[in-house]
Amino acid sequence: MGQSICEMLASNGLDVYLAEQSDDRLAHAIGLIEQSLDKQMERWAVTAAEKKLVMSRIHAKSSLNELQACELVIETITEDLDSKLAIFKELDAVCLPEVILASNTSTLSLTELASVTSSPGRVIGMHFVYPVNKTDLVEIVRGLKTSDDVFERTKSFVETTIHKKGVMVFESPGFVTTRLICLFINEALHVLEEGVASAEDIDSAMRIGYAFQHGPFEMADRFGLDSILAALERMFREYGELKYRPSFILKKMVRGGQLGVKSGHGFFAYDKDGGRL
(Lines give C-alpha, C1' and ligand atoms only; values in the text may rest on other atoms or scores of the structure.)
Protein backbone atom coordinates (compact mmCIF):
# COMPACT_ATOMS: atom_id res chain seq x y z
CA MET A 1 0.00 0.00 0.00
CA GLY A 2 2.81 2.40 0.83
CA GLN A 3 4.40 1.93 -2.57
CA SER A 4 1.04 2.32 -4.33
CA ILE A 5 0.22 5.49 -2.41
CA CYS A 6 3.70 6.88 -3.12
CA GLU A 7 3.34 6.21 -6.85
CA MET A 8 -0.15 7.74 -6.91
CA LEU A 9 0.99 10.92 -5.14
CA ALA A 10 3.98 11.35 -7.47
CA SER A 11 1.70 10.77 -10.48
CA ASN A 12 -0.41 13.67 -9.21
CA GLY A 13 2.59 16.00 -9.42
CA LEU A 14 3.66 15.90 -5.77
CA ASP A 15 7.17 15.51 -4.42
CA VAL A 16 7.15 12.47 -2.15
CA TYR A 17 9.64 11.41 0.50
CA LEU A 18 9.61 7.63 0.86
CA ALA A 19 11.03 6.27 4.12
CA GLU A 20 11.68 2.61 4.91
CA GLN A 21 13.22 0.55 7.71
CA SER A 22 16.49 -0.11 5.87
CA ASP A 23 18.35 0.82 2.70
CA ASP A 24 17.64 -2.63 1.25
CA ARG A 25 13.89 -2.30 1.78
CA LEU A 26 14.02 1.23 0.41
CA ALA A 27 15.73 0.06 -2.78
CA HIS A 28 13.22 -2.79 -3.06
CA ALA A 29 10.28 -0.38 -2.71
CA ILE A 30 11.67 1.97 -5.37
CA GLY A 31 12.21 -1.03 -7.64
CA LEU A 32 8.58 -2.14 -7.23
CA ILE A 33 7.30 1.34 -8.09
CA GLU A 34 9.47 1.37 -11.20
CA GLN A 35 8.20 -2.11 -12.08
CA SER A 36 4.60 -0.90 -11.73
CA LEU A 37 5.27 2.01 -14.09
CA ASP A 38 6.96 -0.35 -16.58
CA LYS A 39 3.81 -2.50 -16.65
CA GLN A 40 1.76 0.62 -17.38
CA MET A 41 4.15 1.53 -20.19
CA GLU A 42 3.55 -1.92 -21.72
CA ARG A 43 -0.18 -1.11 -21.78
CA TRP A 44 0.50 2.38 -23.20
CA ALA A 45 -0.97 3.90 -20.03
CA VAL A 46 2.13 6.07 -19.47
CA THR A 47 5.05 7.13 -21.64
CA ALA A 48 8.75 6.76 -20.87
CA ALA A 49 8.92 10.51 -20.25
CA GLU A 50 5.99 10.36 -17.79
CA LYS A 51 7.61 7.45 -15.97
CA LYS A 52 10.86 9.40 -15.66
CA LEU A 53 8.97 12.43 -14.33
CA VAL A 54 7.10 10.36 -11.72
CA MET A 55 10.31 8.68 -10.54
CA SER A 56 12.06 12.06 -10.29
CA ARG A 57 9.44 13.18 -7.74
CA ILE A 58 10.10 10.22 -5.41
CA HIS A 59 12.91 10.88 -2.95
CA ALA A 60 14.21 7.90 -0.96
CA LYS A 61 14.88 8.67 2.70
CA SER A 62 16.50 6.35 5.21
CA SER A 63 15.42 8.26 8.33
CA LEU A 64 12.14 9.71 9.62
CA ASN A 65 14.14 12.80 10.66
CA GLU A 66 14.14 13.83 7.00
CA LEU A 67 10.33 14.11 6.97
CA GLN A 68 10.15 17.03 9.40
CA ALA A 69 9.32 19.66 6.76
CA CYS A 70 6.64 17.64 4.92
CA GLU A 71 3.10 19.05 4.92
CA LEU A 72 1.55 15.61 5.35
CA VAL A 73 3.00 12.28 6.51
CA ILE A 74 1.10 9.07 5.69
CA GLU A 75 2.09 6.01 7.74
CA THR A 76 1.56 2.69 5.94
CA ILE A 77 3.39 0.05 8.00
CA THR A 78 1.90 -3.34 8.90
CA GLU A 79 -1.24 -3.48 11.08
CA ASP A 80 0.61 -3.90 14.37
CA LEU A 81 -0.44 -1.50 17.11
CA ASP A 82 2.85 -1.37 19.03
CA SER A 83 4.83 -0.69 15.82
CA LYS A 84 2.46 2.07 14.78
CA LEU A 85 2.56 3.67 18.24
CA ALA A 86 6.36 3.75 18.05
CA ILE A 87 6.24 5.36 14.59
CA PHE A 88 3.75 8.04 15.67
CA LYS A 89 5.77 8.86 18.77
CA GLU A 90 8.86 9.33 16.61
CA LEU A 91 7.01 11.33 13.93
CA ASP A 92 5.55 13.62 16.59
CA ALA A 93 9.07 14.33 17.85
CA VAL A 94 10.60 15.13 14.43
CA CYS A 95 7.77 16.81 12.48
CA LEU A 96 6.89 20.48 12.74
CA PRO A 97 3.69 21.25 14.73
CA GLU A 98 1.61 22.08 11.63
CA VAL A 99 2.38 18.78 9.88
CA ILE A 100 -0.61 16.42 9.59
CA LEU A 101 0.13 12.88 10.77
CA ALA A 102 -2.08 10.38 8.94
CA SER A 103 -2.38 6.61 9.15
CA ASN A 104 -3.57 4.23 6.44
CA THR A 105 -4.75 1.77 9.10
CA SER A 106 -7.93 -0.14 8.29
CA THR A 107 -8.83 -1.38 11.79
CA LEU A 108 -6.74 0.30 14.51
CA SER A 109 -7.86 3.18 16.73
CA LEU A 110 -6.75 6.65 15.61
CA THR A 111 -7.44 7.90 19.12
CA GLU A 112 -4.98 5.36 20.51
CA LEU A 113 -2.35 6.25 17.89
CA ALA A 114 -2.82 9.93 18.71
CA SER A 115 -2.45 9.29 22.44
CA VAL A 116 1.36 8.96 22.17
CA THR A 117 1.71 12.37 20.48
CA SER A 118 1.91 15.80 22.05
CA SER A 119 -0.68 17.14 19.56
CA PRO A 120 -3.44 14.50 19.11
CA GLY A 121 -5.50 17.01 17.13
CA ARG A 122 -3.21 16.62 14.12
CA VAL A 123 -3.63 12.83 13.86
CA ILE A 124 -6.14 11.53 11.31
CA GLY A 125 -6.87 8.39 9.30
CA MET A 126 -6.52 8.26 5.51
CA HIS A 127 -7.64 4.78 4.53
CA PHE A 128 -6.93 4.22 0.83
CA VAL A 129 -8.72 1.36 -0.89
CA TYR A 130 -6.72 -1.15 -2.94
CA PRO A 131 -5.82 -0.76 -5.79
CA VAL A 132 -4.96 2.85 -4.97
CA ASN A 133 -4.48 4.08 -8.56
CA LYS A 134 -7.83 2.69 -9.69
CA THR A 135 -10.04 3.34 -6.66
CA ASP A 136 -11.17 6.93 -6.30
CA LEU A 137 -12.08 6.72 -2.63
CA VAL A 138 -10.37 7.61 0.65
CA GLU A 139 -11.97 7.10 4.05
CA ILE A 140 -11.02 10.13 6.16
CA VAL A 141 -11.20 8.88 9.73
CA ARG A 142 -11.57 11.22 12.69
CA GLY A 143 -10.17 10.17 16.04
CA LEU A 144 -11.64 11.49 19.27
CA LYS A 145 -9.40 14.60 19.25
CA THR A 146 -8.83 15.18 15.52
CA SER A 147 -9.28 18.92 14.96
CA ASP A 148 -11.74 20.44 12.49
CA ASP A 149 -8.87 22.25 10.77
CA VAL A 150 -6.91 19.03 10.21
CA PHE A 151 -10.02 17.29 8.88
CA GLU A 152 -10.79 20.14 6.45
CA ARG A 153 -7.17 20.32 5.24
CA THR A 154 -7.10 16.56 4.72
CA LYS A 155 -10.43 16.53 2.87
CA SER A 156 -9.24 19.38 0.63
CA PHE A 157 -6.04 17.47 -0.11
CA VAL A 158 -7.94 14.30 -1.00
CA GLU A 159 -10.54 15.96 -3.22
CA THR A 160 -8.58 18.86 -4.75
CA THR A 161 -4.99 17.64 -4.94
CA ILE A 162 -5.26 13.91 -5.61
CA HIS A 163 -8.80 14.03 -7.04
CA LYS A 164 -10.46 11.27 -5.02
CA LYS A 165 -13.74 11.20 -3.13
CA GLY A 166 -13.25 11.64 0.58
CA VAL A 167 -15.87 10.19 2.92
CA MET A 168 -15.85 11.17 6.58
CA VAL A 169 -15.87 8.26 9.01
CA PHE A 170 -15.96 8.43 12.79
CA GLU A 171 -13.59 6.02 14.44
CA SER A 172 -14.94 2.48 14.59
CA PRO A 173 -13.13 -0.86 14.12
CA GLY A 174 -12.98 -1.62 10.38
CA PHE A 175 -14.46 1.80 9.54
CA VAL A 176 -16.89 1.33 6.59
CA THR A 177 -15.09 -0.41 3.72
CA THR A 178 -13.01 -2.94 5.70
CA ARG A 179 -15.91 -3.82 7.98
CA LEU A 180 -18.32 -4.52 5.12
CA ILE A 181 -15.91 -6.18 2.67
CA CYS A 182 -14.46 -8.51 5.33
CA LEU A 183 -17.95 -9.64 6.30
CA PHE A 184 -18.71 -10.25 2.61
CA ILE A 185 -15.55 -12.36 2.20
CA ASN A 186 -16.15 -14.21 5.49
CA GLU A 187 -19.70 -15.12 4.49
CA ALA A 188 -18.44 -16.37 1.11
CA LEU A 189 -16.02 -18.59 3.07
CA HIS A 190 -18.89 -20.01 5.10
CA VAL A 191 -20.79 -20.72 1.86
CA LEU A 192 -17.69 -22.55 0.60
CA GLU A 193 -17.36 -24.49 3.90
CA GLU A 194 -20.96 -25.65 3.58
CA GLY A 195 -20.30 -27.03 0.10
CA VAL A 196 -22.96 -24.81 -1.51
CA ALA A 197 -20.68 -23.95 -4.46
CA SER A 198 -17.01 -23.92 -5.46
CA ALA A 199 -14.77 -20.87 -4.97
CA GLU A 200 -14.67 -20.37 -8.75
CA ASP A 201 -18.48 -20.48 -9.05
CA ILE A 202 -19.06 -18.21 -6.05
CA ASP A 203 -16.68 -15.67 -7.58
CA SER A 204 -18.39 -15.96 -10.99
CA ALA A 205 -21.82 -15.48 -9.40
CA MET A 206 -20.80 -12.18 -7.76
CA ARG A 207 -18.58 -10.95 -10.59
CA ILE A 208 -21.03 -11.62 -13.43
CA GLY A 209 -24.31 -11.38 -11.53
CA TYR A 210 -23.54 -8.24 -9.55
CA ALA A 211 -20.81 -6.57 -11.61
CA PHE A 212 -18.04 -6.96 -9.00
CA GLN A 213 -14.59 -6.40 -10.49
CA HIS A 214 -13.42 -9.51 -8.59
CA GLY A 215 -15.37 -12.13 -6.70
CA PRO A 216 -14.88 -12.46 -2.92
CA PHE A 217 -12.11 -15.08 -3.15
CA GLU A 218 -9.96 -13.31 -5.73
CA MET A 219 -10.60 -10.11 -3.80
CA ALA A 220 -9.30 -11.80 -0.64
CA ASP A 221 -6.26 -13.10 -2.54
CA ARG A 222 -5.43 -9.59 -3.73
CA PHE A 223 -5.91 -8.01 -0.29
CA GLY A 224 -3.83 -10.77 1.33
CA LEU A 225 -5.48 -13.56 3.33
CA ASP A 226 -3.34 -12.69 6.35
CA SER A 227 -4.62 -9.11 6.22
CA ILE A 228 -8.25 -10.30 6.01
CA LEU A 229 -7.69 -12.65 8.95
CA ALA A 230 -6.06 -9.94 11.07
CA ALA A 231 -8.92 -7.50 10.35
CA LEU A 232 -11.61 -10.07 11.20
CA GLU A 233 -9.87 -11.11 14.41
CA ARG A 234 -9.53 -7.50 15.55
CA MET A 235 -13.20 -6.74 14.78
CA PHE A 236 -14.25 -9.96 16.55
CA ARG A 237 -12.33 -8.84 19.64
CA GLU A 238 -13.69 -5.30 19.50
CA TYR A 239 -17.35 -6.04 18.70
CA GLY A 240 -17.65 -9.49 20.27
CA GLU A 241 -20.17 -10.60 17.61
CA LEU A 242 -20.03 -14.05 16.01
CA LYS A 243 -20.45 -12.67 12.50
CA TYR A 244 -16.84 -11.38 12.69
CA ARG A 245 -15.39 -14.77 13.75
CA PRO A 246 -12.99 -15.79 10.93
CA SER A 247 -13.76 -18.89 8.89
CA PHE A 248 -11.65 -21.96 9.71
CA ILE A 249 -10.70 -22.24 6.02
CA LEU A 250 -9.16 -18.76 6.20
CA LYS A 251 -7.16 -19.63 9.32
CA LYS A 252 -5.94 -22.88 7.79
CA MET A 253 -4.78 -21.21 4.57
CA VAL A 254 -2.88 -18.48 6.43
CA ARG A 255 -1.20 -21.10 8.65
CA GLY A 256 -0.18 -22.93 5.47
CA GLY A 257 1.36 -19.80 3.94
CA GLN A 258 -1.24 -19.53 1.17
CA LEU A 259 -1.70 -15.77 1.41
CA GLY A 260 -2.91 -14.96 -2.10
CA VAL A 261 -1.09 -12.84 -4.67
CA LYS A 262 1.79 -12.02 -2.31
CA SER A 263 2.70 -15.71 -1.96
CA GLY A 264 1.67 -16.73 -5.49
CA HIS A 265 -1.13 -18.96 -4.26
CA GLY A 266 -4.34 -18.49 -2.32
CA PHE A 267 -7.75 -19.60 -3.51
CA PHE A 268 -6.25 -19.24 -7.00
CA ALA A 269 -2.72 -19.24 -8.42
CA TYR A 270 -0.88 -16.09 -9.59
CA ASP A 271 2.28 -15.26 -11.51
CA LYS A 272 5.00 -12.94 -10.15
CA ASP A 273 3.17 -9.91 -11.61
CA GLY A 274 -0.10 -10.76 -9.85
CA GLY A 275 -1.86 -12.14 -12.92
CA ARG A 276 -4.24 -15.11 -12.54
CA LEU A 277 -2.80 -18.38 -13.85
For atom CZ of Phe212, is the number of surrounding heavy atoms from other residues, nucleotides or ligands below 6.0 Å larger than 12? yes
Look at [X] together with [Y] and state whether they make a salt bridge at an N to O cut-off of under 4.0 Å.
X	Y	result
Lys262	Asp226	yes
Arg276	Glu218	yes
Glu79	Arg234	no
Lys84	Asp80	no

Begin from the C-alpha positions of Asp149 and Arg122 and carry the test salt bridge (charged side-chain N to carboxylate O under 4.0 Å, His left out) through to its verdict. CA-CA 9 Å; Asp149 175 63; Arg122 66 167 167 169; over 6 Å; no
List the residues meeting side-chain contact (heavy atoms from CB on, under 4.5 Å) with Glu50, not counting sequence neighbours, and say none if there are none.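 For Glu50 the side-chain contact (heavy atoms from CB on, under 4.5 Å) partners, ignoring immediate neighbours, are Val46, Thr47.
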side-chain contact (heavy atoms from CB on, under 4.5 Å) involving Ser172 - partner list, sequence neighbours excluded: Arg179, Tyr239
When you measure from the centre of the six-membered ring of Phe170, is the NZ or CZ of Arg142 under 6.0 Å away and within 45° of the axis? no
Do Cys95 and Val73 touch side chain to side chain, with heavy atoms closer than 4.5 Å? yes
Tell me, do Met8 and Gln3 make a side-chain contact under 4.5 Å, heavy atoms counted?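 Met8 does not reach Gln3 side chain to side chain.
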With sequence neighbours excluded, residues passing ring-ring contact (aromatic ring centres under 6.0 Å, His included) with Phe267: Phe217
Report the C-alpha distance between Asn12 and Thr161 in whole Å, list the side-chain angles of each, state the deciding distance to 0.1 Å, and finish with yes or no for side-chain contact (heavy atoms from CB on, under 4.5 Å). CA-CA 7 Å; Asn12 275 279; Thr161 306; 5.7 Å; no
Go through it in stages, so that I can follow the logic: the residues are Cys182 and Met235, the test is side-chain contact (heavy atoms from CB on, under 4.5 Å), and I'd like the CA-CA distance, side-chain angles, deciding distance and then a yes or no. CA-CA 10 Å; Cys182 284; Met235 289 189 287; 3.8 Å; yes
Among Ile162, Val158, Thr135, which residue meets the side chain to side chain contact (heavy atoms under 4.5 Å, CB included) test with Phe128?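 Per the side chain to side chain contact (heavy atoms under 4.5 Å, CB included) rule, the option paired with Phe128 is Ile162, out of Ile162, Val158, Thr135.
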Distance alone, cut at 3.5 Å: any donor-acceptor contact between the side chains of Ser247 and Asn186? no
Step by step, would you call Thr178 with His127 a side-chain contact (heavy atoms from CB on, under 4.5 Å)? CA-CA 9 Å; Thr178 300; His127 180 224; 3.2 Å; yes
Under the side-chain contact (heavy atoms from CB on, under 4.5 Å) criterion, do Met55 and Lys52 qualify, and how do the steps go? CA-CA 5 Å; Met55 293 304 299; Lys52 186 176 180 180; 5.9 Å; no
